[in-house]
There are 2 protein chains.
Amino acid sequence: MTAGRAEFRELARQLRSVNAVNRELARHLPSDCPPASAGLLSLLRRHGEIRMSELTELLGIDMSVTSRHVAHATERGWIERHPDPHDGRSRLLRLTESGDRQLDDLSERATDTLAHRLYDWPDDDIAALNALLDRLRTSFCPAQIPTARDSSKK
Amino acid sequence: MTAGRAEFRELARQLRSVNAVNRELARHLPSDCPPASAGLLSLLRRHGEIRMSELTELLGIDMSVTSRHVAHATERGWIERHPDPHDGRSRLLRLTESGDRQLDDLSERATDTLAHRLYDWPDDDIAALNALLDRLRTSFCPAQIPTARDSSKK
DNA sequence: TATTGTTATACTCTATAACTATA
DNA sequence: TATAGTTATAGAGTATAACAATA
């Protein structure tokens, strides 16, 4: 059966409250790394070498914002920008070794915070939440951008 | 069994992607109503007449930010501030009739957007996501603030 | 002294519009 | 002409610190 309006209204409330969770996670980031950089690095590891436009699609923001975030991460040596051999207008982005290490640190911090707050959650519930959130993301942003693993078939 | 670190890492990613969903919901708000006001009004309907400090706890932000948002909503006539008879330092907040109508409009917009994007979601999955997100919120912000008795009307 | 709330300031994130360079 | 990306500008959200008023 399809969901009723009361449940969608409740969902809107619950989604807003996720902001508070994300702020709490952001409080444990290193001072030179804004939350947006964490998102950037995470997507670059997941998807490998991608273009600005693809990253913009994945982030669900305007490309002007992506451009600024990428510039910030590049200044700090976490990302490299390379020309796209197939299109002179494009730039290909990828993690540097330094960015890879930075992301390891960021992931560990976020994982520590979640493990502490959700210490009593059963494994199945975390998995269920992950699955539902992944489907939510897909329902809102149905982008078809290859991940690093299957990018070989391209 | 307790969740492993890989699942927490994945959860951090999924939670970040909720930002994009919230931005999409915000795009359908009326131009004179920033997303923060929607959150304010929603909490005030749910909890009835509460104090600044309680609202701050529910929002998970600094009270200085709450103060600014409340001032904005008050200027637009959506909220009333009353002195607390039990504590001269406090102010009690509540929705005005105009704020109540405004919130009805906001809820309808958010519900329309969700119903459109999640048209193919079964009722049970929405309910499951709501339940898990509610537990997530509780795990991060275990505030004990009473809910208004008549909030189930409407 | 401690607490409640407000204000000033600065920083992050975002969108729009104008611009450059390439297709 | 159209597309990829950058930059300038403005608006919203937030935290810190300093402050006033009350407990």
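Every chain is numbered from 1 and lettered A, B, ... according to where its sequence line falls, protein lines coming before strand lines. These figures come from a predicted structure and were not determined experimentally.
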Chemist: Pick from Asp112(A), Asp105(A), Thr113(A): which one makes a side chain to side chain donor-acceptor pair (under 3.5 Å) with Arg109(A)?
Modeler: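 So, applying the side chain to side chain donor-acceptor pair (under 3.5 Å) to Arg109(A) and each of Asp112(A), Asp105(A), Thr113(A), only Asp105(A) qualifies.
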
Chemist: Please determine whether a side-chain nitrogen or oxygen atom of Thr66(B) lies at a distance below 4.0 Å from atom OP1 or OP2 of dG5(C).
Modeler: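 For dG5(C), OP1/OP2 do not have a side-chain N/O of Thr66(B) under 4.0 Å.
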
Chemist: Could you state the atom-to-atom distance from CE of Met52(B) to P of dT7(C) in whole Å?
Modeler: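 Going from Met52(B) (CE) to dT7(C) (P), I get 10 Å.
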
Chemist: If you look at every strand shown and take non-hydrogen atoms under 4.0 Å, does Thr56(A) touch a base, only sugar-phosphate, or nothing?
Modeler: nothing

Chemist: For Ser64(B), which residues count as a side-chain contact (heavy atoms from CB on, under 4.5 Å) partner, sequence neighbours excluded?
Modeler: Asp62(B)

Chemist: Taking only N/O atoms, report every protein-nucleotides 11-13 of chain D pair under 3.5 Å with atom names and distance.
Modeler:
residue : atom : partner  : partner atom : Å
dG13(D) : OP1  : Pro35(B) : N            : 3.4
dG13(D) : OP1  : Ala36(B) : N            : 2.9

Chemist: Distance alone, cut at 3.5 Å: any donor-acceptor contact between the side chains of Arg68(B) and His72(B)?
Modeler: no

Chemist: Would you kindly give the CG-to-P distance between Leu40(A) and dC13(C), to the nearest whole Å?
Modeler: 10 Å

Chemist: Can you name the side-chain contact (heavy atoms from CB on, under 4.5 Å) partners of Pro83(A), sequence neighbours left out?
Modeler: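 If we apply the side-chain contact (heavy atoms from CB on, under 4.5 Å) test to Pro83(A), skipping adjacent residues, there are no hits.
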
Chemist: Once you round it to whole Å, what is the distance between P of dA17(C) and CG of Asp62(A)?
Modeler: 10 Å

Chemist: Quick one: do Ile145(A) and Leu59(A) end up in the same hydrophobic cluster if we chain Ile, Leu, Val, Met, Phe, Trp and Tyr together by side-chain heavy atoms under 4.5 Å apart?
Modeler: yes

Chemist: Could you work out, with side-chain contact (heavy atoms from CB on, under 4.5 Å) as the rule, every residue matching Asp87(A), not counting sequence neighbours?
Modeler: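 Testing Asp87(A) for side-chain contact (heavy atoms from CB on, under 4.5 Å), a comparison that skips the adjacent residues, returns Arg51(A), Asp84(A), Arg89(A), Ser90(A).
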
Chemist: For Arg91(A) and His82(A), which I'm curious about, is there any donor-acceptor pair between the side chains at under 3.5 Å?
Modeler: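 Side-chain D/A pair, Arg91(A) to His82(A): absent.
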
Chemist: Evaluate salt bridge (charged side-chain N to carboxylate O under 4.0 Å, His left out) for Asp104(A) paired with Arg45(A), printing each intermediate quantity in order.
Modeler: CA-CA 10 Å; Asp104(A) 282 338; Arg45(A) 175 178 286 173; 3.0 Å; yes

Chemist: Have Gln14(A) and Asp134(B) got a donor and an acceptor in their side chains that come within less than 3.5 Å?
Modeler: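 Yes.
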
Chemist: Compute the bend angle of the helix from dT1(C)-dA23(D) to dA23(C)-dT1(D) from the end axes (five pairs per end), rounded to 10°.
Modeler: 10°

Chemist: Looking across every strand, which nucleic acid part, if any, lies under 4.0 Å from Met63(A) by heavy atom: base, sugar-phosphate, or nothing?
Modeler: base

Chemist: Once you round to the nearest 0.5 Å, how far does OG of Ser17(A) lie from CG of Leu58(B)?
Modeler: 11.0 Å

Chemist: Please give, in whole Å, the distance from dT4(C) C1' to Glu54(B) CD?
Modeler: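 Rounded to whole Å, this separation is 12 Å.
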
Chemist: Atom CG of Leu59(A) to atom P of dA15(C): distance rounded to whole Å?
Modeler: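 That distance rounds to 10 Å.
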
Chemist: Rounded to the nearest Å, what distance is computed from the CG atom of residue Leu29(A) to the C1' atom of nucleotide dC11(C)?
Modeler: 15 Å

Chemist: Looking at the side chain of Ser90(B), which of dT6(D), dT4(C), dT6(C) is the nearest nucleotide?
Modeler: dT4(C)

Chemist: Once rounded to the nearest 0.5 Å, what's the spacing between atom CD of Gln102(A) and atom CH2 of Trp78(A)?
Modeler: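 These two atoms lie 4.5 Å from each other.
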
Chemist: Within the sub-3.5 Å range, which N or O atoms of nucleotides 18-23 of chain C have a protein N or O partner, and how far apart are they?
Modeler:
residue : atom : partner  : partner atom : Å
dA23(C) : OP1  : Gly88(A) : N            : 3.0

Chemist: Has the side chain of Ser64(A) got a donor or acceptor that lies under 3.5 Å from a partner of the other kind on the base of dT16(C)?
Modeler: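 Donor-acceptor pair under 3.5 Å: yes.
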
Chemist: Kindly give the heavy-atom pair with the smallest separation between Leu29(B) and Ala38(B), and that separation in Å.
Modeler: CD2-CB, 4.4 Å

Chemist: Rounded to whole angstroms, how far apart are CG on Leu93(A) and C1' on dA4(D)?
Modeler: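 Those two atoms, CG and C1', are 12 Å apart.
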
Chemist: Using whole Å, what does the distance between atom C1' of nucleotide dT6(C) and atom CG of Leu55(B) come to?
Modeler: 15 Å

